Amino acid sequence: MPKPMAICIENLDPKPREPRYLRCVAVVGRAPGLRLDMKGTVLWKSDDPSACELWVSADERLILFRPEGGVPATLRRAGRSLDVPCGKPVVVIDQDQVDIGHRRLRIHVHGYAQAVAAPSP
């Protein structure tokens with residue numbers, strides 16, 4: 001059975017008084033959990049419209065999912081990039097970069113989470 005995944009989301013261009021790193025947990029499946037809004041801001045268990053979702057698949061992979069109507073998002077890895085398609089899960093690995101709007105975020109994968117908790121600096 002898949003388990004929640006501990007990750008950090010690094011803001012590559014933080015504004016003053018904005019944390020550079022957020023400790024987060026990606027939950028299993030598409031239930032409301034970790035999401036990114038239209039500006040790339042992290043949301044937690046929110047029903048607000050989101051640009052992308054981050055969740056754990058049945059085969060224990062971290063997934064970036066762009067719902068229909070989400071703003072464009074780009075996944076960058078090792079000098080390559082992918083415009084994230086709507087409605088198709090994209091596997092995220094450690095050190096991948098996700099660009100949403102003007103925000104650039106790097107994903108750090110730490111392994112299984114001991115507990116499910118809201119994002120924190």
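This one's a predicted model, so the numbers in the text were calculated from it and none came from an experiment.
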Applying the 4.5 Å side-chain criterion to the ILVMFWY set and letting contacts propagate, would Leu43 and Ile9 be lumped into a single cluster?
-> no
Which pair of non-hydrogen atoms, one from Val28 and one from Pro4, has the smallest distance, and what is that distance?
-> CG2-N, 3.8 Å
Looking only at heavy atoms, the pair that brings Val109 and Ile93 closest together is CG2-C, 4.1 Å
Going hydrophobic residue to hydrophobic residue with side-chain gaps under 4.5 angstrom, can you get from Ile107 over to Leu64?
-> yes
Considering non-hydrogen atoms only, spot the tightest contact between Trp44 and Val27 and give its length.
-> CH2-CG1, 4.1 Å
Looking only at heavy atoms, the pair that brings Ala51 and Pro67 closest together is O-CD, 3.4 Å
Check: Asp59 and Pro2 side chains under 4.5 Å, non-hydrogen atoms = no
Take Asp96 and Val98 through the side-chain contact (heavy atoms from CB on, under 4.5 Å) test and state the conclusion after the steps.
-> CA-CA 7 Å; Asp96 278 357; Val98 178; 5.5 Å; no
For residues Thr74 and Asp83, is any side-chain donor paired with an opposing acceptor at under 3.5 Å?
-> yes
Which one of Arg76, Arg77, Lys39 satisfies the salt bridge (charged side-chain N to carboxylate O under 4.0 Å, His left out) criterion with Asp99?
-> Arg76
Heavy-atom donor-acceptor pair, Arg66 side chain to Val71 backbone, under 3.5 Å = yes
Find out if a path of hydrophobic residues (ILVMFWY) with successive side-chain heavy-atom gaps under 4.5 Å connects Val42 to Ile100.
-> yes
Using the side-chain contact (heavy atoms from CB on, under 4.5 Å) rule, pick out the option among Leu12, Thr41, Leu36, Asp37 that qualifies with Arg103.
-> Thr41
Check against side-chain contact (heavy atoms from CB on, under 4.5 Å), Val25 and Leu34 = CA-CA 7 Å; Val25 176; Leu34 191 58; over 6 Å; no
Considering non-hydrogen atoms only, spot the tightest contact between His108 and Glu10 and give its length.
-> NE2-OE1, 2.8 Å
Identify whether Ile63 and Ile7 are in the same connected component of the hydrophobic contact network (ILVMFWY, side-chain heavy atoms under 4.5 Å).
-> no
Without swapping roles, check the side chain of Arg61 against the backbone of Val56 for a donor-acceptor pair under 3.5 Å.
-> no
Would you sort out whether Glu53 and Lys45 count as a salt bridge (Lys or Arg N to Asp or Glu O under 4.0 Å), showing the intermediate values?
-> CA-CA 11 Å; Glu53 304 168 0; Lys45 293 193 175 185; over 6 Å; no
Look up atom CG in Asn11 and atom CD in Glu18, then write down how far apart they are to the nearest 0.5 Å.
-> 5.0 Å
Charged N to carboxylate O below 4.0 Å: is that the case for Lys3 and Glu60?
-> no
State yes or no: do Leu22 and Met5 share one hydrophobic cluster built from I, L, V, M, F, W and Y residues joined by side-chain heavy-atom distances below 4.5 Å, directly or via other members?
-> yes
Could you go step by step and tell me if Cys52 and Arg35 meet the side-chain contact (heavy atoms from CB on, under 4.5 Å) rule?
-> CA-CA 6 Å; Cys52 291; Arg35 295 179 175 184; over 6 Å; no
Considering non-hydrogen atoms only, spot the tightest contact between Cys24 and Pro119 and give its length.
-> SG-CB, 3.8 Å
